[in-house]
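Here is the structure we will look at.
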Amino acid sequence: MARMSRRTLLGSMAAVAVPGALTACSTGSGDSDVSSAGKKLAPWPAYKPAGGPKPDLAPTEAGVQAGYTAYPADLAKSVSRTPGDGSTVKVMSVSFGTPPKPASANRLWTAVENALGVKIEYTIISQADYQKKMATVMAGDADTLPDIINIFSGFVLPREPEFVRRRAEDLTPFLSGDAIAAYPNLANIPTHAWRDMGRIGGLLYGIPLERPLPGSTLWLNEGMFTDAGMTQGWTADDFAAVARRATGGRTYALGAAAGSLFGNAVHAAAHNAPLEWTVTKDGTFESGWADERFKAAIAFQARLREDGSYHPDATSVSQIDLTTLYYNGTVGSMQDGFGAYLPKYRESRGKLTPAAALPYSVGGEPGGIVAARRSFGYTVLKKAKKERIEMLLRILDYLAAPFGSEEWELVHYGVEGTHFTRGEDGSPQATKLGEVENNTNLPLKYLAEGPQVLFVPGMPDAVRALHAWQRKTVPHAIRNASFGLQSATKNSRGATLKALIEDTLTGVVAGRLPLSEWDATVRKWRERGGDRMADEFAKDHAANT
């Protein structure tokens with residue numbers, strides 16, 4: 001059998017499923033009841049931190065990450081035996097890179113297969129195609145499903161938890177409570193990641209991809225903003241003035257990508273607006289979109305756009321093309337996940353100095369930052385016999401190896417002398433081959449990964465700056481209270497309702513709609529399902545508390 005056909009699983013699918021088709025998938029056997037309300041809850045996996053090198057910069061309970069200013073000199077071995085059984089394993093995940101070379105010509109792919117003890121058939125879905133192609137997979141035949149499926153949390157997939165409950169293995173017997181001790185690297189995943197992944201019908205169906213607390217971040221060209229007058233402790237008015245001064249000719253202070261709503265998340269957090277949902281002390285869920293602070297953030301963004309500070313293609317340029325504009329100095333900032341710091345520092349070397357923006361203040365109140373869902377996504381397994389599930393979990397346990405281990409180095413950097421050499425400080429430095437064969441283009445990190453740490457090879461000052469930024473901002477992180485919770489209305493209508501909100505928001509900032517249209521849209525959103533979502537989230541929250 002070929003290890004990867006260029007005609008992937010998804011490449012042969014001509015039809016694109018629509019939400020209605022997904023709704024029709026329900027078997028009527030109770031799989032639609034995905035809330036934990038009234039259910040016996042599976043205990044979260046018992047957390048047992050892995051040993052490893054002591055960080056140079058300490059983490060905090062509040063969510064500041066551990067920082068390493070140098071690469072560990074002595075790597076640990078976190079897996080005692082080859083996890084696989086020689087069989088072929090079909091896997092599928094999102095990707096933010098370019099398609100990798102096929103397995104037969106990819107030395108990283110071969111090295112990972114040898115370490116895992118399996119042959120890997122990989123279906124890789126680009127971010128741009130993910131939502132449509134996952135809909136096709138979810139509506140398809142159970143027999144065609146890959147063994148391991150990454151479900152990316154960046155999109156609302158209609159009836160996603162119903163699909164998982166119907167098609168995926170219930171991992172509760174394998175991972176809940178002390179059972180996870182059989183997989184030490186998975187046991188090293190902190191409880192906050194499991195909570196933000198959430199239960200489905202009270203049970204555990206996935207393994208979360210742990211992420212740091214800071215989420216969407218405004219990444220600046222530090223020199224450009226400093227030259228324009230950026231200072232510590234700036235206000236919203238200061239931010240607007242700096243953005244105007246940094247804009248001129250074919251250079252724009254603010255870049256934004258299609259679908260980012262002009263970088264709305266960063267500005268909403270700076271205004272201390274609830275991010276989508278907030279929960280009161282009595283357990284009531286309230287919409288952030290109905291909050292006046294959120295409306296004020298939209299008005300502020302419209303002001304920035306009227307000032308001419310946004311790149312004119314802010315509603316159409318792709319995230320990949322925006323990144324190019326950032327590196328070449330056309331735009332002075334862009335919104336991206338905090339975890340994007342590594343390519344930001346690596347790719348901008350010799351061009352600019354990247355910096356995570358401190359939030360501006362509004363009305364004298366310190367601005368907040370976006371708290372990420374601590375689970376970037378999660379991985380589910382196709383239903384199979386117990387022995388097969390245990391083998392697949394051993395593979396994921398290997399991929400979830402912690403920083404400072406031999407297994408982590410292989411998955412993240414490849415083979416020494418082939419994909420990387422060591423710098424003077426011992427840190428991996430990519431070879432020409434390593435720039436092509438890497439875990440961006442072969443995205444194994446989206447199947448399983450250990451807790452992330454702050455580390456930039458050969459750039460200790462960057463690690464110190466990021467750690468200092470986190471210490472300042474993490475106490476002001478604003479979390480979406482619905483993370484890890486279930487709502488039947490969101491599952492069935494969430495994508496449509498979110499599109500209603502996002503179309504109006506984009507229209508207001510772009511100047512196509514008046515700000516007064518916002519209140520009318522929020523009323524429609526509430527009437528068409530928003531209020532039902534609030535009730536359903538409240539019930540699931542009460543059940544999980």
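Taking the side chain as every heavy atom from C-beta outward, Val380 and Ile151 approach each other to under 4.5 Å. The shortest side-chain heavy-atom distance between Val370 and Ile478 does not fall under the 4.5 Å cut-off. Taking the side chain as every heavy atom from C-beta outward, Tyr326 and Lys344 approach each other to under 4.5 Å. Two residues are said to be in side-chain contact when any heavy atoms from C-beta on lie closer than 4.5 Å; Pro161 and Tyr205 fail this criterion.
Minimum interatomic distance between Leu358 and Trp234 (heavy atoms only, all atoms of both residues): O-NE1, 2.9 Å. Closest heavy-atom contact between Pro359 and Gly368: CB-O, 3.5 Å. When all heavy atoms of Leu399 and Leu444 are compared, the pair lying nearest together is CD1-O, 4.2 Å. Closest heavy-atom contact between Pro457 and Leu342: CD-CD1, 3.7 Å. Shortest non-hydrogen contact noted between Ala243 and Thr247 is O-OG1, 2.8 Å. Of all the heavy atoms in Gln319 and Thr323, the pair that sits closest is O-OG1, 2.8 Å.
Judged by distance alone, the side chain of Thr379 and the main-chain N or O of Leu447 form a donor-acceptor pair under 3.5 Å. Under a 3.5 Å cut-off, the side chain of Arg165 and the backbone N or O of Asp33 do form a donor-acceptor pair. A donor-acceptor distance shorter than 3.5 angstrom exists from the side chain of Glu536 to the backbone of Ala488, with no hydrogens or angles considered. Between the side chain of Ser35 and the backbone N or O of Asp540 there is no donor-acceptor pair closer than 3.5 Å. Side-chain N or O atoms of Trp518 include none that pairs as donor or acceptor with a backbone N or O of Ile501 at under 3.5 Å. Asn491 places a side-chain N or O within 3.5 Å of a backbone atom of Ser487 that can act as its donor or acceptor partner. Using modelled atom types, one side-chain atom of Thr521 and one backbone atom of Glu517 make a donor-acceptor pair closer than 3.5 Å. Counting only distance, with no hydrogens or angles, the side chain of Gln470 and the backbone of Gln65 share a donor-acceptor pair below 3.5 Å. Between the Lys524 side chain and the Ala520 main chain, no donor and acceptor come within less than 3.5 Å of each other. Judged by distance alone, with hydrogens and angles left aside, the side-chain atoms of Thr504 form a donor-acceptor pair with the main-chain N or O of Leu500 at under 3.5 Å.
In the displayed structure, Ile320 atom CD1 is contacted under 6.0 Å by at most 12 heavy atoms of other residues, nucleotides or ligands. Around atom CZ of Arg303, more than 12 heavy atoms belonging to other residues, nucleotides or ligands sit under 6.0 Å away. The environment of NZ in Lys445 is crowded: more than 12 heavy-atom neighbours from other residues, nucleotides or ligands sit within 6.0 Å.
For Trp277 and Phe537, the distance between ring centers is under 6.0 angstrom. Checked against the 6.0 Å centroid threshold, Phe96 and Phe152 count as a close aromatic pair. Side-chain rings of Phe338 and Trp469 approach one another, their centers coming within less than 6.0 Å.
Paired with Thr506 under the rule side chain to side chain contact (heavy atoms under 4.5 Å, CB included), one option of Thr315, Asn264, Leu513 passes, and it is Thr315. In summary, of the residues considered (Arg195, Arg374, Arg373), a salt bridge (charged side-chain N to carboxylate O under 4.0 Å, His left out) with Glu210 occurs for Arg374 alone.
Atoms OG and CG, on Ser348 and Asn328 in that order, are 12.5 Å from each other to the nearest 0.5 Å. Taking CG of Leu485 as the start and CZ of Arg199 as the end, the distance is 10.5 Å to the nearest 0.5 Å. Taking NZ of Lys132 as the start and CZ of Phe155 as the end, the distance is 11.0 Å to the nearest 0.5 Å. Distance check: Leu218 CG to Phe239 CZ gives 5.5 Å after rounding to the nearest 0.5 Å. Distance check: His476 NE2 to Glu365 CD gives 10.0 Å after rounding to the nearest 0.5 Å. Between the OG1 atom of Thr136 and the CD atom of Gln131 there is a distance of 11.5 Å, given to the nearest 0.5 Å.
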Dump the intermediate steps for ring pair (Phe, Tyr, Trp, His ring centres under 6.0 Å) on Tyr446 and Phe376, then the final yes or no. CA-CA 9 Å; Tyr446 297 133; Phe376 177 77; 5.5 Å; yes
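When only modelled atom types and interatomic distance are considered, Asp307 and Ser309 share no side-chain donor-acceptor pair under 3.5 Å. Side-chain contact annotation: Thr235 with Asp237, donor-acceptor N/O pair under 3.5 Å absent.
Contacts of Glu222 classified as side-chain hydrogen bond (donor to acceptor under 3.5 Å, both in side chains), with partners at least two apart in sequence or in another chain: none. Here His412 pairs with Trp408 under the ring pair (Phe, Tyr, Trp, His ring centres under 6.0 Å) rule; sequence neighbours left out. With sequence neighbours excluded, the residues satisfying ring pair (Phe, Tyr, Trp, His ring centres under 6.0 Å) with His541 are Phe285. Legend: residues meeting ring pair (Phe, Tyr, Trp, His ring centres under 6.0 Å) with Phe262, ordered by chain and number and at least two apart, are Tyr310. Partners of His311 under the ring pair (Phe, Tyr, Trp, His ring centres under 6.0 Å) rule, at least two apart in sequence or in another chain, are Tyr252.
Ion pairing between a basic and an acidic side chain is recognised when a charged N comes within 4.0 Å of a carboxylate O; Asp196 and Arg479 show such pairing. Using a 4.0 Å cut-off between a side-chain N of Lys or Arg and a carboxylate O of Asp or Glu, Arg211 and Glu449 qualify as a salt bridge.
Using cut-offs of 30° and 60° for the angle between ring planes, the Trp289 and Phe294 rings count as perpendicular.
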Let me have the donor-acceptor pairs involving side chains of residues 265-272, under 3.5 Å, with sequence neighbours excluded, atom names and distances please.
residue : atom : partner : partner atom : Å
His267  : ND1  : Tyr360  : OH           : 2.8
His271  : ND1  : His267  : O            : 2.9
Asn272  : ND2  : Pro366  : O            : 2.9

